[in-house]
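Okay, so here's the structure we're looking at.
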Amino acid sequence: MEARRRSTKGGINQQKIQPKPSASGDSDSKPAKASDALPLPLYLTNAIFFTLFFSVVYYLLLRWREKIRNSTPLHVVTLSELAAIFTFVASFIYLLGFFGIGFVQSLVISREDDLLDLDEEEFMRDNDVDVDQLMSKEDSAITPCAVSPAPQPNNIAAAAGKTPSYALESKLGDSRRAASIRREALQRTTGKSLSGLPLEGFDYDAILGQCCEMPVGYVQIPVGIAGPLLLDGREYSVPMATTEGCLVASTNRGCKAIYACGGATSVLLRDAMTRAPVVRFATAKRAAELKFFLEDPLNFEALSLVFNSSSRFGRLQSIKCGIAGKNLYIRFSCSTGDAMGMNMVSKGVQNVIDFLYNEFPDMDVIGISGNYCSDKKPAAVNWIEGRGKSVVCEAIIKEEVVTKVLKTNVASLVELNMLKNLTGSAIAGALGGFNAHASNIVSAIYIATGQDPAQNIESSHCITMMEAVNGGKDLHVSVTMPSIEVGTVGGGTQLASQSACLNLLGVKGASKEAPGSNARLLATIVAGSVLAGELSLMSAIAAGQLVNSHMKYNRSNKDVSKVSSV
């Protein structure tokens, strides 16, 4: 067992680190440094060599300049020049090899103090940990992916709280090991097992500094495919990540009905992300002066130049202000290319605010966002003005398709839509919720394609309309969604699985031919999928199939937590 404790795993020695005793026998003294051998303090030595280096360089340049003027061969050198050359080489070697040694030592010593300087036996005793058990887990080659390996002995300091959890990645230089150690520390601290949360099989480097901090694993969400969705003459297989039974199947049935009737058509009405800072003045009159200045068409061009300088793709479209006493809320709207664009808009807004200080030095910026945007909250301003992509999508469903595929009739659908989606939502005081379940489809596609799931709130604003056409035989169905917030670059779209789903739809990354076209296409696909989901669910309710279908397909008694993964 002792041999196993001293084994090396992943190229890192796992032997217990023993402190080196000092000359006086004090084992608690500071470890020796390479700079201790220098006759002078490190900062003085560095300063001396730094001065020598530039002095001799300057001297040699002057001497060579004189030789060139006097036509003296450069290879003929005097004793003083030889000494200068020797000093140059020596100082260069020192600066190249040793300058900044104090900074390097601080990193190394900090790393050792945080990760290697904890006595292993003392930690095991204080925390009641069996190292043999830990090592047997660590050495197990075949384990379920949900079981997290225990941290290696020389990393147990992190589990004991010596190293901050957020610093593990930078300290170790290994994102996967950092997640494993953080996970084990969490389990020991809380006394709760995370055995059901997968650790292996995920690229933790891909999320570092981008998507999620302090990871301890990842959550599995199954991805289903609905379609083909025939939209604007093209077919799309729509990925949907969800844990709700019947959702993919229901959307798929709607896609089938749309396909059988020649497909759906969509129109993108507007493309503009927003950000609204809040600023304050001493008086309401002064706040109103800034409002008039910003909304004056004569000033828009200058403001646009300032805003647009922050990005290649961000282009200011409009500025609208709301005032509350001496507080001014400024809603900037701009196009953002293929990015969802929140960061892009914020950068442009900051540029404009800095510019405005020239004319309004008494302006007090309270916050870069004053909720007049409005992001991740249900708000009438998004429902009325739009945010992100505003899309309307429609289809005409033939009578025979309504009967055979959707198992209902046109009259029942029209009546149900009026009483449920329109009247019922009005009675409830709904804000943008005049639909059956648009958020279901939006959330599923957002998770699958790496969008921000929280923006499902405003992105699910939708009004569903159904009307009998062609003498009452056929059904005209449409969804109007004023604030679909999506992007195909940045954030979670760069992760492997989400990138694969975007690739399936043909909208991966940024469009080089027409910047912004991929994000706009994704928005129309979201609207088309919502149209299919609305059509199918409304038909199920009209036909009295909703409860039966969920009882049949969404009530499994299997305990999947007991199923072992291979």
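Quick note: residue numbers are just sequence positions, from 1. Computed from a predicted structure; not experimentally measured.
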| request: Look only at the side chain of N327 and the backbone of R280, and say whether a donor-acceptor pair between them is shorter than 3.5 Å. | output: no
| Stepwise, does the salt bridge (Lys or Arg N to Asp or Glu O under 4.0 Å) test hold for E385 with K320? | CA-CA 10 Å; E385 299 289 339; K320 183 176 182 179; 2.8 Å; yes
Output a table of donor-acceptor pairs, distance under 3.5 Å, between side-chain atoms of residues 341-348 and any protein atom two or more places apart or on a different chain; print 'none' if there are none.
from : atom 1 : to   : atom 2 : distance (Å)
S346 : OG     : R275 : NE     : 3.3
S346 : OG     : M342 : O      : 2.9

| Under 4.5 Å between any side-chain heavy atoms of I225 and M240, yes or no? | no
| message | Contact between L305 and F307 at the side-chain level, heavy atoms closer than 4.5 Å - yes or no? | response | no
Is a donor from one side chain sitting under 3.5 angstrom from an acceptor on the other, for [X] and [Y]?
{"X": "Q210", "Y": "Q494", "value": "yes"}
{"X": "S439", "Y": "S460", "value": "no"}
{"X": "E169", "Y": "S175", "value": "no"}
{"X": "S511", "Y": "N518", "value": "no"}

| task | Just say parallel, tilted or perpendicular for the rings of F360 and F281, cut-offs at 30° and 60°. | result | perpendicular
| request: Could you tell me if the ring centre of F202 sits under 6.0 Å from that of Y204? | output: yes
| Rounded distance [0.5 Å steps], CD in E534 versus OG in S250 | 9.5 Å
| task | Kindly state each residue pair satisfying salt bridge (Lys or Arg N to Asp or Glu O under 4.0 Å) with at least one member in residues 442-463, sequence neighbours excluded. | result | K376-D452, R387-E458
| query | If every non-hydrogen atom of E394 is compared with every non-hydrogen atom of S478, which pair is closest and at what distance? | reply | CB-CB, 4.0 Å
